[in-house]
Number of protein chains: 2
Amino acid sequence: MKLSTKGRYAVMAMVDLASNSKGQPIALADIAERQEISLSYLEQLFAKLRKGGLVKSVRGPGGGYLLAHPIEESRVSDIIVAVDEPIRATRCAPGSPAGCRSNRSRCLTHDLWEELGNQIHLYLSSVSLADICNKQVLGTSGVISHTSAPGHAADPASRASAAE
Amino acid sequence: MKLSTKGRYAVMAMVDLASNSKGQPIALADIAERQEISLSYLEQLFAKLRKGGLVKSVRGPGGGYLLAHPIEESRVSDIIVAVDEPIRATRCAPGSPAGCRSNRSRCLTHDLWEELGNQIHLYLSSVSLADICNKQVLGTSGVISHTSAPGHAADPASRASAAE
DNA sequence: AGTATTCCCGACTGGGGCAGTCAAGATTGG
DNA sequence: CCAATCTTGACTGCCCCAGTCGGGAATACT
């Protein structure tokens with residue numbers, strides 16, 4: 001799960017598509033103008049979104065793109081996965097952490113990144129395009145809780161820099 | 001909150017430092033060998049960690065680096081923040097989303113990324129070096145819950161690709 | 001048929017940051 | 001003094017993002 005501006009552009013465009021389409025296709029040129037994204041760049045992104053099965057295309061005059069799924073079932077995580085190429089998570093071989101186990105105690109951090117990836121994916125899976133259109137992204141009500149983390153759970157803002 | 005290999009290296013090194021130091025300083029050369037990271041590159045990282053106040057340095061023979069804080073109070077989020085330079089979150093001006101409000105409906109996604117950043121930061125703040133050393137990173141017991149997201153909370157693995 | 005509109009595809013480019021190297025200088029223990 | 005170690009700065013190669021360009025294919029409209 002990579003988080004770059006690329007994925008953000010894709011989500012912006014998909015939100016625009018979701019909120020402006022009333023059943024008829026939307027031309028990329030419209031989205032490009034509204035979201036102030038280069039048209040040619042958008043074409044690249046939507047090529048991937050189409051291959052990922054997230055949008056359907058209609059060619060010819062009056063054509064454009066349509067959501068392939070109902071707005072409530074279009075998850076943000078799917079968009080990002082479709083657009084961003086996967087990143088090699090640690091330095092371990094994908095799948096089996098064979099490279100980790102070779103010299104033990106090396107990838108103590110492996111579990112951490114894996115779990116973090118799960119957390120991010122889980123959160124983004126819980127947000128649909130409908131949620132964003134309805135502004136239901138939920139504010140700063142802390143949601144993550146470390147099930148077994150006593151002790152340093154206190155003083156949450158001592159050295160905590162502003163979340164960027 | 002940026003997530004690159006750079007931050008991972010830093011965390012790996014800090015975990016190594018935490019688990020191998022018994023009060024006496026650890027030379028970077030040792031960490032470099034154990035973690036298979038270039039020594040010169042580690043030097044750069046630890047320069048930032050030192051400026052961030054996460055480690056203390058001891059010069060001269062027998063010198064090296066020490067954790068500046070107790071192992072339980074060294075949070076992963078602090079390490080990553082210290083090492084990775086901040087990323088411009090959206091395309092909005094940092095702080096006030098003035099650029100967003102200019103043409104409305106553009107940054108509907110703004111809240112999403114901001115909230116996601118909070119989630120990540122919150123999770124990484126909840127993990128200390130002590131947790132990692134004790135392998136208490138907690139497995140795949142889903143922790144995030146969308147407080148107000150009924151409906152599409154079901155079928156969690158239908159199109160969910162393998163978490164990478 | 002012809003034309004305009006739109007998607008589709010591949011190649012190309014400039015820049016930024018990561019990963020890593022190299023070469024010095026500063027500081028301290030033996 | 002000398003060796004070990006941190007400290008600093010400049011330098012490099014490379015990959016990928018963001019964006020551009022030129023053309024080609026499908027379709028609606030006249």
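Chain identifiers are assigned alphabetically (A, B, ...) following the order of the sequence lines, protein sequences preceding nucleic acid strands; residue numbering begins at 1 within each chain.
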K.L.:
Mind calculating the distance between CZ (Arg8(B)) and P (dG20(C)) to the nearest angstrom?
P.N.:
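Distance check: Arg8(B) CZ to dG20(C) P gives 13 Å.
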K.L.:
Taking C-beta and beyond as the side chain, do Leu17(B) and Leu67(B) meet within less than 4.5 Å on heavy atoms?
P.N.:
yes
K.L.:
Would you mind reading off the distance between Tyr41(A) atom OH and dC21(D) atom P, rounded to a whole angstrom?
P.N.:
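Going from Tyr41(A) (OH) to dC21(D) (P), I get 16 Å.
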K.L.:
Between atom CG in Asp84(B) and atom P in dG17(C), what is the gap in whole Å?
P.N.:
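Interatomic distance, CG of Asp84(B) to P of dG17(C): 12 Å.
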K.L.:
Toward the 5' end of DNA chain D, which comes first, Ile26(B) or Ser40(B), by nearest nucleotide?
P.N.:
Ile26(B)
K.L.:
Between the protein and nucleotides 23-30 of chain C, list every N/O to N/O distance that falls short of 3.5 Å.
P.N.:
residue: dT27(C); atom: O4'; partner: Arg59(B); partner atom: NH1; Å: 3.3

K.L.:
Classify Ala27(B) by what it touches in the nucleic acid, base, sugar-phosphate, or nothing, heavy-atom distance under 4.0 Å.
P.N.:
sugar-phosphate
K.L.:
With side chains defined as the heavy atoms from C-beta onward, is the minimum distance between Val15(A) and Leu112(B) less than 4.5 Å?
P.N.:
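A side-chain contact is absent here, since even the closest heavy-atom pair is not under 4.5 Å.
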K.L.:
Is a donor-acceptor contact shorter than 3.5 angstrom present between the side chain of Gln44(A) and the base of dT20(D)?
P.N.:
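Per atom types, the contact qualifies.
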K.L.:
Would one find a side-chain N or O of Tyr9(A) under 4.0 angstrom from OP1 or OP2 of dC17(D)?
P.N.:
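Negative; the distance criterion is not met.
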K.L.:
Hey, does the side chain of Arg50(A) come within less than 4.0 Å of dC7(C)'s phosphate (OP1/OP2), counting only N and O?
P.N.:
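Indeed not, no polar side-chain atom of Arg50(A) lies that close.
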K.L.:
Can you tell me if Ser4(A) touches the phosphate of dC16(D), counting only side-chain N or O atoms and a distance under 4.0 Å to OP1 or OP2?
P.N.:
no
K.L.:
For the pair made of CG in Leu42(A) and C1' in dC9(C), what is the distance, rounded to whole Å?
P.N.:
16 Å
K.L.:
Please report, to 0.1 Å, the donor-acceptor pairs under 3.5 Å made by any side chain of residues 38-63 of chain A, with sequence neighbours excluded.
P.N.:
residue: Ser38(A); atom: OG; partner: Ser40(A); partner atom: N; Å: 3.4
residue: Ser38(A); atom: OG; partner: Tyr41(A); partner atom: N; Å: 3.1
residue: Lys48(A); atom: NZ; partner: Val83(A); partner atom: O; Å: 3.4
residue: Lys48(A); atom: NZ; partner: Glu85(A); partner atom: OE1; Å: 3.4

K.L.:
Measure the distance from NZ on Lys48(A) to C1' on dG10(C) and round it to the nearest whole Å.
P.N.:
14 Å
K.L.:
Rounded to the nearest angstrom, tell me the gap between atom CD in Glu33(A) and atom C1' in dT6(C).
P.N.:
16 Å
K.L.:
Please report the distance, rounded to the nearest Å, between CG in Leu45(A) and C1' in dC16(D).
P.N.:
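Nearest whole value for this atom pair: 14 Å.
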K.L.:
Decide whether Trp113(A) and Leu129(B) are clustered together by the hydrophobic rule: side chain heavy atoms of Ile, Leu, Val, Met, Phe, Trp, Tyr closer than 4.5 Å, transitively.
P.N.:
yes
K.L.:
Roughly, in whole Å, what's the span from NZ in Lys51(A) to C1' in dC8(C)?
P.N.:
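Lys51(A) atom NZ is separated from dC8(C) atom C1' by 9 Å.
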K.L.:
Below the 4.0 Å mark, does dT7(D) have OP1 or OP2 next to a side-chain nitrogen or oxygen of Ser57(B)?
P.N.:
yes
K.L.:
Got Arg34(B) and Asn20(B) here, is their nearest side-chain heavy-atom distance under 4.5 Å?
P.N.:
yes
K.L.:
Classify the nucleic acid contact of Tyr65(B) as base, sugar-phosphate or nothing, counting any heavy atom under 4.0 Å across all strands shown.
P.N.:
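Sugar-phosphate contact only.
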K.L.:
Are Tyr123(B) and Glu115(A) side-chain neighbours, meaning at least one heavy-atom pair lies under 4.5 Å?
P.N.:
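SC-SC contact between Tyr123(B) and Glu115(A) confirmed.
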K.L.:
Within the 4.5 Å heavy-atom criterion, are Val76(A) and Ile132(A) side-chain neighbours or not?
P.N.:
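Sidechains of Ile132(A) and Val76(A): in contact.
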